[in-house]
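Please read these numbers as outputs of a predicted model, since none were measured by experiment. When reading the values below, keep in mind they use all heavy atoms of this one structure, side chains included, and skip hydrogens, waters and symmetry mates. Within every chain, numbering begins at 1; the chains are lettered A, B, ... in the order of the sequence lines, protein sequences first and strands thereafter.
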Amino acid sequence: MPNSKKTTKTTKAAAKETKAQQTDTALKELESKSKRKNVLMQGNEAVSYGALDAGCNFFAGYPITPSTEIAEILAAELPKRGGVFIQMEDEIASICAITGASLAGAKALTATSGPGFSLMQEGIGFAKITETPCVVVNVQRVGPSTGMPTSPAQGDIMQARWGSHGDAPAIVLYPDSVKECYELTIRAINLSEKYRTCVILLLDEVLGHMRESVRLPDMENVRVINRIKPTVPPHWYKHYDENQKYLSPLASYGEGYRFHVTGLTHDALGFPTNKATEGAEMMERLRKKISYNIRDLVQIESHQLEDAKIALFAAGISARSAKAAVAIARSEGVKVGLLRPLTIWPFPDEAVRKMLQHVETVIVPELNQGQLIHEIKRLTKDKSDSNVIGLQRVNGKMITPNDILRKIKEVM
Amino acid sequence: MANIPQRVVHEYLRHDKKFPHVWCAGCSNGTVLGAIIRGIASLELDRNDIVMVSGIGCSSRMPVYVDFNTLHTLHGRAIAYATGIKLYKPNLKVIVITGDGDCTAIGGNHLIHAARRNIDLSVILINNNIYGMTGGQCSPTTPHEALATTMPYGNIEPDFDICQLAMGAGASHVARTTAFHTQEVQKMVVDSLTHPGFSLIEVMSICPVIFGRLNKKGGPAQMMKDLRDNSIPLTAVDKLPPEKVEGKIIRGTLRKEVQPEYCNVYADLVARVQNMGEDK
């Protein structure tokens, strides 16, 4: 990415002038599902088209900046495809409605931003404990509270992991480009179906509103995963069957299985339990289905790390600045590389450990007061914490490549 | 009204679920559940097509005991979950079991908006005037001046008239009865399930162990008698002098009118949008 300041400006101007026009072009392009060409589109648009291509047929949401375009596009597109769009009375209702729809068999998604994401936390926990597939897109803005609704921040990284009360593992994906918004939306829906859980897609405000030229894959090249349906007769069906790797079939309401779903700690049939053994079993099941499948879940991008002495660790839009900083530093002969997580939760422990073995210093640029940095420090057992350096900012402005370059020069 | 034998209730219960249930001795939830099941049975609906959704609270424990598609959700959110289910699969009969606190305090927003949309849900609200499960805190329907653990000097707040609230929000079918009048409950459940739109049935119930003890109401049998004596049918209201109506529970169908139902309206929209595409 070139100068980030410039990009933000261009984005805002573009948003005003040609939004409708470009959406139309993008739509026409998408309607011809094969032989798609390059289109200029916004991150939020790419999320919407990714959702549609992954088979999302139910959206319930509530307007909130900077995620609203996703609701607007799906309000127009889902009825055309026989899918359901509903604007609910609040974000709590939205997460509940998509979870209900998913239990009836829908591929369901909602999109929101900070304040709405906070409201959804109880419902996200419910989807996790009941192992109901759904996807929440959180286009992050500056917080806490109302914060700066139209400015970027990466303050929800820990909320995406720990936001709902109680222990429950999380699957959280984090794109850094418009194309990746499309790809990771499909992946989020696929993973939610496969792992029967609420998957979270974190976007940055800048990414949601930034336009890039993207060529979406032709439909025949899009890989879509659907939940496994039970093949057993109803009286043998267990809603939480211990299938291989804890990924068990899922019946829908109205198919003759008549199962029970509760947010209470439950047994394999779904009935509430107070037995310590059954409670422990349920919790282990939730944990293991993620921790036994780390290799399937974790995606990283390793960029020029082979000979690097200094590593940058960044996600989303900060990784774009980081990548530009790597290029500039390299041109000046400084050996810098970048490790970028596409999956931030579960955290890519293995890749970070490997990186830590080879580099002397890690710089963690992030648009918050320090969240990802603690994960890196957690993994620096044999190194001093002073080798892990934060570069943090929460003022509504991005971290630029020059900011990162300056930090690199400081630590050299 | 179809005469449903008592044993039918047994047939609709889940026998793989370990009974006993969670309700206190003397609670009217079981009585109401029996009437709901008889109402459903009299319609001879396929139980695979019935979804029973509830929130949190004493009455919301109901779905786990019955052999339907069942969903026990978050406090206050049953209607929001039910909206998702109904809208995605409109052929399902979606019943919401909820309580006064669940539906009109924490869940009040979902109640009024589902009523406004006129989505075809059958909401059966069992009103015991108190938060029973958490031990007797005041709810939006705790009578003014009644005792609750969080109103130890008597309730200083006025109480909701839930049926008026639902009608004000646009509900197309609203009815009220009591747990004493089980035949009426049964009939209203039938009315509700056959009504094409949002339906709210308020069943005034008793909580002898918590509300009854706090307010010295004299035990389950006495409280049931009170429901009988303190309620009058809607048809009698006009014939009685105002002082005999004052403070009484009015039983009956307060509103029943057919209005455009949300799932149908949405299906029309889909058809319209898809035709627009073809016209091009």
- Task: Heavy-atom distances under 4.5 Å only: say whether Leu87(B) touches chain A with side chain, backbone, both or neither.
- Result: both
- Query: Quick one: what part of Leu103(A) sits under 4.5 Å from any heavy atom of chain B, side chain, backbone, both or neither?
  - Reply: side chain
- Item | Per-residue contact mode, Ala60(A) against chain B (heavy atom under 4.5 angstrom) | neither
- Item | Under 4.5 Å from a heavy atom of chain A, the part of Phe68(B) involved | backbone
- Query: Do the side chains of Pro79(A) and Gln274(B) get nearer than 4.5 Å, heavy atoms only?
  - Reply: no
- Query: Take atom NE2 in His235(A); do more than 12 heavy atoms of anything else shown fall under 6.0 Å from it?
  - Reply: yes
- Message: Show, in sequence, the C-alpha distance, side-chain angles and deciding distance for Thr70(B) and Phe259(A), and conclude whether the side chain to side chain contact (heavy atoms under 4.5 Å, CB included) test is met.
- Response: CA-CA 6 Å; Thr70(B) 52; Phe259(A) 51 89; over 6 Å; no
- Heavy-atom distances under 4.5 Å only: say whether Leu71(B) touches chain A with side chain, backbone, both or neither. both
- Query: CZ of Arg14(B) to CZ of Phe271(A): how many Å apart, nearest 0.5 Å?
  - Reply: 4.5 Å
- Item | Value rounded to 0.5 Å, distance of OH in Tyr81(B) from OG in Ser102(A) | 11.0 Å
- Go through Leu78(A), Thr99(A), Ile95(A), Ile98(A) and name the one with the most non-hydrogen pairs under 4.5 angstrom from chain B. Thr99(A)
- Please look at Pro272(A) and chain B and tell me whether the side chain, the backbone, both or neither of the residue comes under 4.5 angstrom of a heavy atom of that chain. both
- Message: Let me confirm one number: the CZ-CD distance from Arg77(B) to Glu122(A), rounded to the nearest 0.5 Å.
- Response: 6.5 Å
- Message: If you define the side chain from C-beta out and look only at heavy atoms, does anything of Glu77(A) sit under 4.5 Å from Val273(B)?
- Response: no
- Task: Heavy-atom pairs under 4.5 Å with chain A are the metric here; pick the option from Ala78(B), Pro63(B), Ala80(B), Ala82(B) that has the most.
- Result: Ala80(B)
- Query: Should the heavy atoms of other residues, nucleotides or ligands under 6.0 Å from CD of Glu257(B) be counted, would the total exceed 12?
  - Reply: yes
- Message: Nearest 0.5 Å, please: how far is OG1 in Thr262(A) from CD1 in Ile56(B)?
- Response: 6.5 Å
- Message: For chain B, which candidate among Gly263(A), Gly123(A), Gly254(A) shows the most heavy-atom pairs at distances under 4.5 Å?
- Response: Gly254(A)
- Query: Does atom CG of Asp46(B) have more than 12 heavy-atom neighbours, drawn from other residues, nucleotides or ligands, at distances under 6.0 Å?
  - Reply: yes
- Arg258(A) versus Ile50(B): any side-chain heavy-atom pair under 4.5 Å? no
- Task: Fit a plane to each ring of His260(A) and His72(B), take the angle between them on a 0 to 90° scale, and name the class: parallel (under 30°), tilted (30 to 60°) or perpendicular (over 60°).
- Result: parallel
- Toward chain A, the part of Val51(B) with a non-hydrogen atom under 4.5 Å: side chain
- Query: Quick check: are there more than 12 heavy atoms from other residues, nucleotides or ligands sitting under 6.0 Å from OH of Tyr237(A)?
  - Reply: yes
- If you look at every heavy atom in Leu74(B) and Phe126(A), which pair is closest and at what distance? CD2-CD1, 3.7 Å
- Message: So which atom in Asn48(B) and which in Gly256(A) form the shortest heavy-atom distance, rounded to 0.1 Å?
- Response: OD1-CA, 3.3 Å
- Item | Side-chain H-bond candidate by donor/acceptor type, Tyr257(A) with Asn69(B), under 3.5 Å | no
- Message: Nearest 0.5 angstrom please: Ile86(A) CD1 to Tyr266(B) OH, how far?
- Response: 9.0 Å
- Query: Taking atom NE2 of His113(B) and atom CE of Met88(A), what is their separation to the nearest 0.5 Å?
  - Reply: 9.5 Å
- Task: Could you walk me through whether His110(B) and Cys96(A) pass the side chain to side chain contact (heavy atoms under 4.5 Å, CB included) test, one step at a time?
- Result: CA-CA 11 Å; His110(B) 313 306; Cys96(A) 298; 5.9 Å; no
- Item | Structural part of Arg47(B) lying under 4.5 Å from a heavy atom of chain A | both
- Residue among Val64(B), Asp49(B), Thr83(B) with most heavy-atom pairs under 4.5 Å to chain A: Val64(B)
- Message: Taking CG in Asn91(B) as the centre, count heavy atoms belonging to other residues, nucleotides or ligands within less than 6.0 Å. Is the count above 12?
- Response: yes
- Message: Could you check whether any side-chain N or O of Lys89(B) sits under 3.5 Å from a backbone N or O of Tyr253(A), counting only pairs where one atom can act as donor and the other as acceptor?
- Response: yes
